[in-house]
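Labels below follow one simple rule: chain letters A, B, ... track the order of the sequence lines, proteins then strands, and each chain is numbered from 1. Since this is a predicted model, take the numbers as computed values, not measurements.
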Amino acid sequence: MKSILKGVSVQYRMSELFLRTLRENPADAEVASHSLLIRAGYLRRAASGGYTWLPLGLMVLQKVTEIVREEMNKAGFQEVHFPALLPREPYEATNRWTEYGPALFRLQDRRGADYLLAPTHEEMFTLLVKDLYSSYKDLPLSLYQIQTKYRDEARPRAGLLRGREFIMKDSYSFDLDDEGLVVSYQKHRDAYQKVFERLVIDYVIVSAQSGAMGGSASEEFLAPADAGEDTYVETEGGAANVEAIQIKPAQSISITDLPAAQVHDTPDTATIEALVNFCNQNESLKRSNQWTAADTLKNVLMRLVSQDGTTSVLAIGIPGDREVDMRRLEAAVYPEIVTPFTDEDFAKYPTLVKGYIGPDALGIKSKSKIEYLVDPRVVSGTSWITGANRTGKHVFGLVMGRDFNPDGQIDVADVRIGDECVVPAGKVIRLARGIEVGHIFQLGRKYAQALDLKVLNENGEQVVVTMGSYGIGVTRAVAVIAEQHHDERGLRWPRTVTPADVHLVIAGKDEALAIAANQLADQLNAQRLSVLIDDRVGVSVGVKFNDAELIGIPTVVVIGKKYAEGLVEVRDRFTGAVDDVLLSELVAKVKQLH
RNA sequence: CGGGGCGUAGCGUAGUGGCUAGCGCGCCUGCUUUGGGAGCAGGAGAUCGGGAGUUCGAAUCUCCCCGCCCCGACCA
């Protein structure tokens, strides 16, 4: 493109930048970060879940990466770099070659040997440390890398938010004992807080399930956003992923003085709603205060498939006004997989009557031998309307601890505001969605054990090392920043990650403007402030302003009609403030904004 | 993997059996214009996702395949 500048050097010129902004939102982008990053020319989709970084995008990615790297180094962690393409054997040793399932990209080399594209690198880090270290004196140690990861996601979505190829910073800590692990964990936690502060990502730290990696203590860094895939709860006492919360069990009640259970005809009441309506309309069942779904006990059947392929059936008893939260259930039964209980499955259990299943037919000691677990609200002395195991019949006043005894508890009902929790302590005051940008957890000895990573302790004994594992989604963080910092006009990069410090718009075709703009750019460069200069010829100012707002560099300087009076305009993309500044004072003004 | 939707030029789209596939943006040439996505004139750009079929005739109907997006189950 023609430039109004001749033979001058500024950092980036719009006339030359490999960039094409789009006026309209791409049809396939739903979330703001995705749509804006494409429209503003930061990214192009190259494959399902794979994106090409264009010059502007790469500048942001590099800044984000550098902030992560700096904070890791400051914390005393050392950077290494593994191949993404790895042989099968180490993953076989930890059983993850099979355990990781279809999300693992597997491939073969020309000789037919199995390889994988690493989804995480626990095995390699463990083996590396084993290779070089063998004494307690070498510990503690934390290593990290910033690496491209591969996961064959069933459903890549929302641009950078969930890709099949993405960049992750993963760290691993190695300690002699549990106390050391706690210290290493805390160091990572502190470093992560600094990273997210510098990235200007709004986040909450929530208790988490450690999930597929195994291990115990675990927290997630969630960036609150409607586009997020995780749900978390906040209580007076803290925050947790819904998968990790624990509902406070109800107080048990004395069972003496409770009326005996009675079976009643309740025709056509296979759903809780129908049952409650029937109870409130039937003369003999009516009571002064209306029956509600919470008075009923709903028994839900699920089929569980274990890793070796064997299946079992689980019955879950929850108050009728609640639903089983599939995410919580999946987390609770992990590593078993939950599948629906079908009509064919029903056929195998003649004692179960669909729509009228009651506790009598459930439990490992019953005829069905189906394990029966109940919600923590279903405790001894609570009385329920529930199925009588006969079509069109329910039993009223069935008392837990007197009339039935389940095999145990399971806490998988949906969570609501006001629910009392043990973890995190207190009443739920907020339920929100978040994007997981970081996850830290105490892995323990799973990998060290499997790969035989031991060191000699002070007494000359072999001791298995204990590990922590810590991740930051680097490319995801870019999307999160875009998600959290934009308005209807476009992106608004925090100054720590902006692709350039100043967007200098030449608003006019007078050559004097171009010369002055160039001088300003040089002055800014001299102060280590990078400049993207819009030197395009034949492009109307409206287009230039709109592009500047879309691209989202936080400080926009306009040199145009007021140049004759020795003034330029400084716009703050965050506050919307517009100031006229003397040319001689521009650098000071820009520095002040930074 | 289940459910839903979609695939027409770089982007956004019209076109549900009939002529040379239309429009807006973007792109190229010329002139004009220059503080909020300019105007006029001319132009380039499409295997209508792919394959097979039905038909005198297919972007349009049928089948198969591929790809994309959304919702659900997994994760940084």
Suppose we define a pair by two distances each less than 3.5 Å, Watson-Crick or G-U wobble; what does [N] pair with here?
N      : result
C1(B)  : G72(B)
G45(B) : none
U60(B) : none
G7(B)  : C66(B)
G30(B) : C40(B)
U16(B) : none
U55(B) : none

Regarding [X], tell me which of base, sugar-phosphate or nothing describes its non-hydrogen contacts under 4.0 Å with the strands shown.
X         : answer
Arg164(A) : nothing
Gly49(A)  : nothing
Ala158(A) : sugar-phosphate
Glu569(A) : base
Val474(A) : nothing
Val543(A) : base
Asp230(A) : base
Arg328(A) : nothing
Gly438(A) : sugar-phosphate

Euclidean distance, atom [atom1] of residue [X] to atom [atom2] of [N] [Å, nearest integer]:
X         : N      : atom1 : atom2 : value
Glu220(A) : C74(B) : CD    : C1'   : 13 Å
Asp170(A) : C75(B) : CG    : P     : 16 Å
Asp580(A) : G35(B) : CG    : P     : 16 Å
Tyr150(A) : A76(B) : OH    : P     : 18 Å
Leu19(A)  : G10(B) : CG    : C1'   : 13 Å
Glu436(A) : C74(B) : CD    : C1'   : 11 Å
Lys544(A) : G36(B) : NZ    : C1'   : 13 Å
His188(A) : A76(B) : NE2   : P     : 15 Å

Are Phe77(A) and Tyr144(A) an aromatic pair by the rule of ring centers under 6.0 Å?
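Not under 6.0 Å, so no.
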Whichever of His34(A) and Lys561(A) has its nearest RNA chain B nucleotide further upstream toward 5'
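Nearest nucleotide further toward 5': that of Lys561(A).
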Taking for each residue the nucleotide of RNA chain B bearing the nearest heavy atom, is the 5' side occupied by Glu549(A) or by Arg44(A)?
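That would be Arg44(A).
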Do Thr555(A) and His503(A) pair up side chain to side chain, a donor and an acceptor below 3.5 Å, judged on atom types alone?
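On atom types as modelled, these side chains do not qualify, holding no pair under 3.5 Å.
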Would you say the side-chain atoms of Glu122(A) and Ser469(A) include a donor-acceptor pair closer than 3.5 Å?
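There is such a pair (donor and acceptor under 3.5 Å, judged by atom type) between the side chains of Glu122(A) and Ser469(A).
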Looking at Phe545(A), is Arg571(A) sitting on its ring face, NZ or CZ under 6.0 Å from the six-membered ring centre and within 45 degrees of the normal?
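Cation-pi check for Arg571(A) and Phe545(A): passes.
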Nearest listed nucleotide, side chain of [X], among [options]:
X         : options                : result
Arg39(A)  : G35(B), G37(B), C75(B) : G37(B)
Val558(A) : G37(B), G35(B), A76(B) : G35(B)
Lys509(A) : A76(B), G37(B), U34(B) : U34(B)
Arg20(A)  : G36(B), C69(B), G26(B) : G26(B)
Arg571(A) : A76(B), C74(B), G35(B) : G35(B)
Arg45(A)  : G37(B), C75(B), C68(B) : C68(B)

Would you please confirm or rule out a distance under 4.0 Å between OP1 or OP2 of [N] and any side-chain N or O of [X]?
X         : N      : result
Ser540(A) : A38(B) : yes
Arg23(A)  : G26(B) : yes
Arg157(A) : C71(B) : yes

Less than 4.0 Å between a side-chain N and a carboxylate O, is that true for [Y] and [X]?
X         : Y         : value
Glu66(A)  : Lys63(A)  : no
Lys149(A) : Asp170(A) : yes
Asp152(A) : Arg164(A) : yes
Glu229(A) : Arg157(A) : yes
Asp547(A) : Arg536(A) : yes

Measuring only the [atom1] atom in each nucleotide, how far is [N] from [M]? A whole number of Å is fine.
N      : M      : atom1 : result
G53(B) : A59(B) : P     : 15 Å
C65(B) : C71(B) : P     : 25 Å
G22(B) : U8(B)  : C1'   : 11 Å
U54(B) : G15(B) : P     : 29 Å
G30(B) : A44(B) : C1'   : 15 Å
C6(B)  : G10(B) : P     : 22 Å
G49(B) : A58(B) : P     : 15 Å
G51(B) : G42(B) : C1'   : 40 Å

Stacking of Phe166(A) on A76(B) base (centres under 5.5 Å, planes under 30°)
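Here the ring of Phe166(A) and the base of A76(B) are stacked, with centres under 5.5 Å and planes under 30°.
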